[in-house]
Amino acid sequence: MNEKEIVKWLREDDPDRLTELFRKADAVRRDHVGDAVHLRGLVELSNICRRNCLYCGVRAGHSTVERYRLTADEVMQGARLASEFGYGTLVMQAGEDFGLEGEFVADLIRRIKKEYALAVTLSLGERTEADWRLWREAGADRYLIRFETCNKDLFRVIHPPVGKDDLGFEGRIGALRVLRGLGYEIGSGVMIGIPGQTYADLARDLLMFRELDLDMIGNGPYLAHPETPLGRAAEVLAKNPGAPTDERRRLTAEVGFDYPVSDDPVPADNLTAFKVIALTRLLLPDSNIPSTTAIATNDRLHGRVTGLQSGANVVMPNLTPTRYRALYEIYPNKSATTESPEETHRTAIAQIIEAGRIPGTGPGGRIR
Ligand code: SAH
């Protein structure tokens with residue numbers, strides 16, 4: 001598939017042709033990674049962040065968020081639950097919090113590896129190569145860092161630099177290569193329907209997944225958070241869907257924000273997310289592809305299951321202690337924010353069964 005063919009699929013609205021696409025992606029998924037759905041327990045370590053990403057609810061500039069950082073014991077409880085529930089992996093994610101010191105994280109990794117048979121995935125943002133090496137040597141298996149969009153202008157606008165050590169777009173792609181060089185399995189992905197993104201951008205994102213030969217590819221619809229600059233701009237744009245580009249540019253400038261407006265906007269919806277999952281599966285048949293929380297948030301009843309039926313083979317149940325979940329509000333109404341870990345677990349298993357699949361066993365790494 002080239003860019004043009006991918007764009008054509010992303011725009012496809014004929015139900016029969018779409019059914020065909022999803023059926024094909026599901027068959028490729030079955031042939032290459034089987035029926036097992038790998039479960040990755042997610043622990044949101046900290047919502048402290050030094051960055052100001054325009055879309056994210058835990059950006060440093062969002063001053064009314066109560067900030068937290070889990071204790072080592074709280075993280076270890078998450079690891080214990082993941083192990084008891086039979087998961088193969090613990091994912092530790094956080095804002096870009098340098099208060100999470102390299103050694104603290106390394107100790108956690110060593111403890112988890114010593115006490116449980118879990119693979120460890122990290123999603124802690126842009127850190128120093130020394131930290132990444134330290135964590136790898138401590139036993140971490142995988143690292144997730146999304147490049148969010150391959151439109152460099154858009155990337156620059158939505159990620160205001162935080163200092164001279166800021167990686168920027170090229171640096172983020174470079175980081176993925178560095179991480180792979182350190183022996184990590186690498187994961188990345190994008191948001192779908194970021195205001196300013198075009199269909200051609202999204203098609204290039206998909207080609208970039210293949211070029212990087214990613215082991216894991218997580219994507220989700222962009223969800224507007226009203227307490228963010230981009231969320232406010234998105235609200236204005238959503239209210240004026242038919243407005244011509246000039247008019248929409250004027251409208252975003254009016255909310256105090258000179259924002260690049262797409263003349264060919266991608267909808268931030270689940271149908272587009274399912275097309276992205278399916279096309280990603282066709283491009284990288286043996287990769288691990290989650291049906292993500294953003295998809296589940298958009299459609300609590302069917303989102304995750306439909307994702308699994310469109311080419312995905314991974315789910316990431318949230319095992320963050322319930323009292324902190326609402327604080328990791330990268331977008332509003334995030335699914336599972338009020339549940340106990342047991343409820344979150346039961347829902348995940350029920351959805352895997354509903355999708356006609358079986359819960360995976362073992363670490364669930366990429367098998368080439
Ligand atoms: N600080 C880490 C983890 C970020 S949270 C890092 O930078 O890698 C994980 C992902 O959530 C982000 O990569 C982003 O793609 C997604 N995300 C953040 N805000 C979002 C929003 N408003 N809508 C949809 N996805 C969002």
Side-chain angles (χ1 to χ4, degrees), residues 36-48 68-95 97 99-125 127 131-145 179 182-187 215-216 218 288 290 292-293 314-328 330 334-349 352 359-366:
V37 175
H38 301 298
L39 291 138
R40 328 280 205 208
L42 175 66
V43 174
E44 294 152 339
L45 272 191
S46 159
N47 71 346
I48 299 171
Y68 74 89
R69 189 181 292 132
L70 298 188
T71 64
D73 284 346
E74 286 167 331
V75 179
M76 292 309 292
Q77 278 170 40
R80 181 177 54 79
L81 286 171
S83 171
E84 280 175 13
F85 293 155
Y87 300 176
T89 303
L90 189 76
V91 182
M92 293 194 266
Q93 184 174 86
D97 175 11
L100 283 173
E101 283 171 20
E103 264 307 330
F104 173 80
V105 176
D107 275 338
L108 280 174
I109 298 164
R110 283 189 285 262
R111 276 181 71 183
I112 294 164
K113 285 286 177 177
K114 188 159 163 256
E115 295 179 31
Y116 304 104
L118 289 166
V120 170
T121 301
L122 303 174
S123 175
L124 304 175
R127 300 284 302 223
D131 279 343
W132 286 335
R133 177 170 291 115
L134 175 70
W135 298 338
R136 176 74 190 134
E137 284 165 2
D141 302 276
R142 313 182 187 127
Y143 206 95
L144 306 175
I145 185 162
L179 288 159
L182 290 170
Y184 286 95
E185 276 193 50
I186 55 167
D215 304 304
M216 304 165 283
N288 281 318
T292 56
T293 308
V314 169
V315 295
M316 299 168 72
N318 194 333
L319 300 181
T320 307
T322 309
R323 67 179 174 287
Y324 299 109
R325 287 190 192 187
L327 301 177
Y328 198 82
I330 53 181
K334 210 161 133 246
S335 82
T337 32
T338 57
E339 298 170 355
S340 68
E342 287 74 17
E343 286 170 300
T344 307
H345 170 61
R346 276 198 301 274
T347 304
I349 298 295
I352 291 169
T361 52
R366 182 183 189 186

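Heavy-atom minimum distance, R127 versus W132: N-CZ2, 3.5 Å. In plain terms, the two heavy atoms of L100 and A94 that are nearest each other are CD1-CB, 3.7 Å. Contact detail for G365 and E185: the closest heavy-atom pair is CA-OE2, 3.4 Å. I109 approaches G139 most closely through the heavy-atom pair CG2-C, 3.7 Å. Scanning both residues, I349 and P359, for their nearest heavy atoms gives CD1-CG, 4.0 Å. Annotation for L118 and A79: closest pair CD1-O, 3.6 Å, computed over non-hydrogen atoms.
The OH atom of Y143 lies 11.5 Å from the OG1 atom of T121; values are rounded to the nearest 0.5 Å. Interatomic distance, L327 CG to E44 CD, rounded to the nearest 0.5 Å: 10.0 Å. If you take CG on L90 and CZ on R40, they are separated by 11.5 Å, rounding to the nearest 0.5 Å. Atom CZ in R133 sits 11.0 Å away from atom CG in D131 (nearest 0.5 Å). Considering CG of L39 and CG of L319, their distance stands at 9.5 Å, rounded to 0.5 Å. L179 CG to R142 CZ: the interatomic distance, rounded to the nearest 0.5 Å, is 14.0 Å.
E343 is not listed as a side-chain neighbour of T338, based on a closest heavy-atom distance of 4.5 Å or more. Between R325 and P341 the shortest side-chain heavy-atom distance falls below 4.5 Å. Under the 4.5 Å side-chain criterion, counting only non-hydrogen atoms from C-beta, P317 is in contact with Y87. Here the side chains of H38 and T89 are not in contact, with every heavy-atom distance at 4.5 Å or above.
A donor-acceptor pair under 3.5 Å is absent between the side-chain atoms of K113 and the main chain of A138, judged by distance alone. At least one donor-acceptor pair closer than 3.5 Å links the side chain of N47 to the backbone N or O of Y68. Although no hydrogens or angles enter the test, the distance criterion places no donor-acceptor pair under 3.5 Å between the side chain of E74 and the main chain of P321. In this structure a side-chain-to-backbone donor-acceptor pair under 3.5 Å is present from R136 to G183. Listed for the D215 side chain is a donor-acceptor partner under 3.5 Å among the backbone atoms of I186. Using modelled atom types, no side-chain atom of Y184 and backbone atom of A140 make a donor-acceptor pair closer than 3.5 Å. Counting only distance, with no hydrogens or angles, the side chain of N288 and the backbone of G364 share a donor-acceptor pair below 3.5 Å.
For the pair R80 and Y116, the NZ or CZ position fails the cation-pi test of under 6.0 Å to the six-membered ring centre and within 45 degrees of the ring normal.
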Quick one, Q77 with V43, criterion side-chain contact (heavy atoms from CB on, under 4.5 Å). Give me CA distance, side-chain angles, the key distance, then yes/no. CA-CA 10 Å; Q77 278 170 40; V43 174; over 6 Å; no
Set out, in order, the CA-CA distance, both residues' side-chain angles and the distance that settles side-chain contact (heavy atoms from CB on, under 4.5 Å) for I112 and M92, then state yes or no. CA-CA 11 Å; I112 294 164; M92 293 194 266; 3.7 Å; yes
Full working for side-chain contact (heavy atoms from CB on, under 4.5 Å) between L45 and L124: CA-CA 9 Å; L45 272 191; L124 304 175; 4.0 Å; yes
Could you walk me through whether T320 and N318 satisfy the side-chain hydrogen bond (donor to acceptor under 3.5 Å, both in side chains) test, starting with their C-alpha distance in whole Å, then the side-chain angles of each, then the deciding distance to 0.1 Å, before giving a yes or no? CA-CA 6 Å; T320 307; N318 194 333; 2.7 Å; yes
